[in-house]
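This report concerns only the one structure given below.
Naming: A, B, ... by sequence-line order, numbering from 1 per chain. We use all heavy atoms of the structure for the numbers below, so side chains are in, but hydrogens, waters and symmetry mates are not.
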There are 2 protein chains.
Amino acid sequence: MNSSDTKLQRASQLFEVYLKRQSLKLTKQRQEILVQFLSVGHHISAEEFHLIFKEANSKIGFSTVYRTLKLLTDCGLAREHQFGDRFTRYESSFETDHHDHLICTQCGDIIEFESAEIEALQTTIAKSHNFIIQDHKLELYGLCAKHNQ
Amino acid sequence: MNSSDTKLQRASQLFEVYLKRQSLKLTKQRQEILVQFLSVGHHISAEEFHLIFKEANSKIGFSTVYRTLKLLTDCGLAREHQFGDRFTRYESSFETDHHDHLICTQCGDIIEFESAEIEALQTTIAKSHNFIIQDHKLELYGLCAKHNQ
DNA sequence: ATTTCTGCAAATAATTTGCAACATC
DNA sequence: GATGTTGCAAATTATTTGCAGAAAT
């Protein structure tokens, strides 16, 4: 990786390698979706994401958005989340450290945080159960600064 | 609470008080569902739970099971979870400490654990964001003892 | 007697898939 | 040219709701 490349360039490269490995094709739609995905805010549902294309008069269909989000998840560029509502939400996981979420039950606001201490404790607990962690999700639900008086 | 009561008796009492407060009625179905819910294993979906009644030739319908699980959640006897599959799963939260989960991505096995240290760290983090925690979910996904060689 | 509940079947909501026309390799 | 993709519409899956008859207060 060349550090003078932009983040988009590095992500595209990873995506293209992944597609080639799986004998999949690099299409205009897939390229455009990756660009948007990296620039768009976090925690977006497939439906919300599709709306962005619709509003930009892009003709990309919902299925393509949906299937491409799955591809991005498979190749490690995206992560899926299910918070309280019943949508599957996606966020970029490219060149970002793992982080967890504070979710306001009043306004739905999502605040991200990282904690090396908690992760260390998780590893200890997993070890004591002879369990190997691949991934984790920690969500704290409650009232954000705006909604506790 | 009388400590010579059984757990079921104590849970029933809590449920009855809740129903009365909400001007809801105590029906045969609701009683039967509570009994089953306390005796049944954890992390059951509404559909799986309904199947138990069906197989016991109980005529309780799916909607009643579904709506009663919601009631149990509302009055604090049950908790909802969404793990990797797309079912909402329920577990008893009556007279049990809050616990978190290790979920095997190979066999779906769920191991429960508690960690006061992690909870303390969560509180610290929340405080630093001026956030008040109402609830939390921590899930560690990976390979259980049987599935890491 | 009034109010709430049940169980069915039908509606909803999000996700997933089949397929004919099209694009990429 | 062979293979994979797109966008539509239709299918699927889990959840939720409307309603007439039944049960609880």
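- Under the 6.0 Å cut-off for aromatic ring centres, B:His99 and B:Phe113 do not qualify, their centroids lying 6.0 Å or more apart.
- Contact annotation for B:Phe62: base contact, defined as any heavy-atom pair under 4.0 Å involving a base atom.
- For A:His50 and A:Glu55, the side-chain atoms include no donor-acceptor pair closer than 3.5 Å.
- Near-neighbour residues of DNA chain D inside residues 17-29 of chain A, defined by a heavy atom below 4.0 Å, number-ordered: A:Ser23, A:Leu24, A:Lys25, A:Thr27, A:Gln29.
- The residue among A:Ile60 and B:Tyr90 whose nearest nucleotide of DNA chain D is located toward the 5' end is A:Ile60.
- Between B:His136 and B:His98, the two ring planes are tilted [angle within 30° to 60°].
- Judged by a 6.0 Å distance limit and a 45° cone about the ring axis, A:Lys7 is not positioned over the six-membered ring of A:Phe94.
- Rounded to an integer number of Å, the gap from B:His50 NE2 to C:dG7 C1' is 9 Å.
- Distances were taken from every side-chain heavy atom of A:Arg30 (C-beta onward) to each of C:dT15, D:dT5, D:dC8; the shortest belongs to D:dT5.
- Rounded to whole Å, the distance from CZ on A:Phe87 to P on D:dA14 is 18 Å.
- Atom CZ in A:Arg86 sits roughly 12 Å away from atom C1' in D:dT17 (whole-Å rounding).
- Atom-to-atom, NE2 of A:His81 to C1' of C:dA14 comes out at 19 Å; the value is rounded to the nearest Å.
- Here the side chain of B:Thr68 pairs no donor or acceptor atom with the backbone of B:Ile33 at under 3.5 angstrom.
- For the pair B:Lys70 NZ and D:dT15 P, the computed distance is 8 Å after rounding to whole Å.
- Listed nucleotides: C:dT6, D:dT17, C:dT17. Nearest to the side chain of B:Ser63: D:dT17.
- In this structure, CZ of A:Arg67 is placed 14 Å from P of D:dA9, rounded to the nearest angstrom.
- Across all strands, B:Thr88 comes closer than 4.0 Å only to sugar-phosphate atoms, never to a base (heavy-atom distances).
- Residue A:Phe53 contributes atom CZ, which lies 10 Å from atom P of D:dG7 at whole-angstrom precision.
- The backbone N or O of B:Leu19 lies less than 3.5 Å from no partner atom in the side chain of B:Gln22, so there is not a single donor-acceptor pair.
- Under the ring-ring contact (aromatic ring centres under 6.0 Å, His included) criterion, A:Phe53 pairs with A:Phe49, sequence neighbours left out.
- To the nearest angstrom, P of C:dC5 lies 17 Å from CD of B:Glu32.
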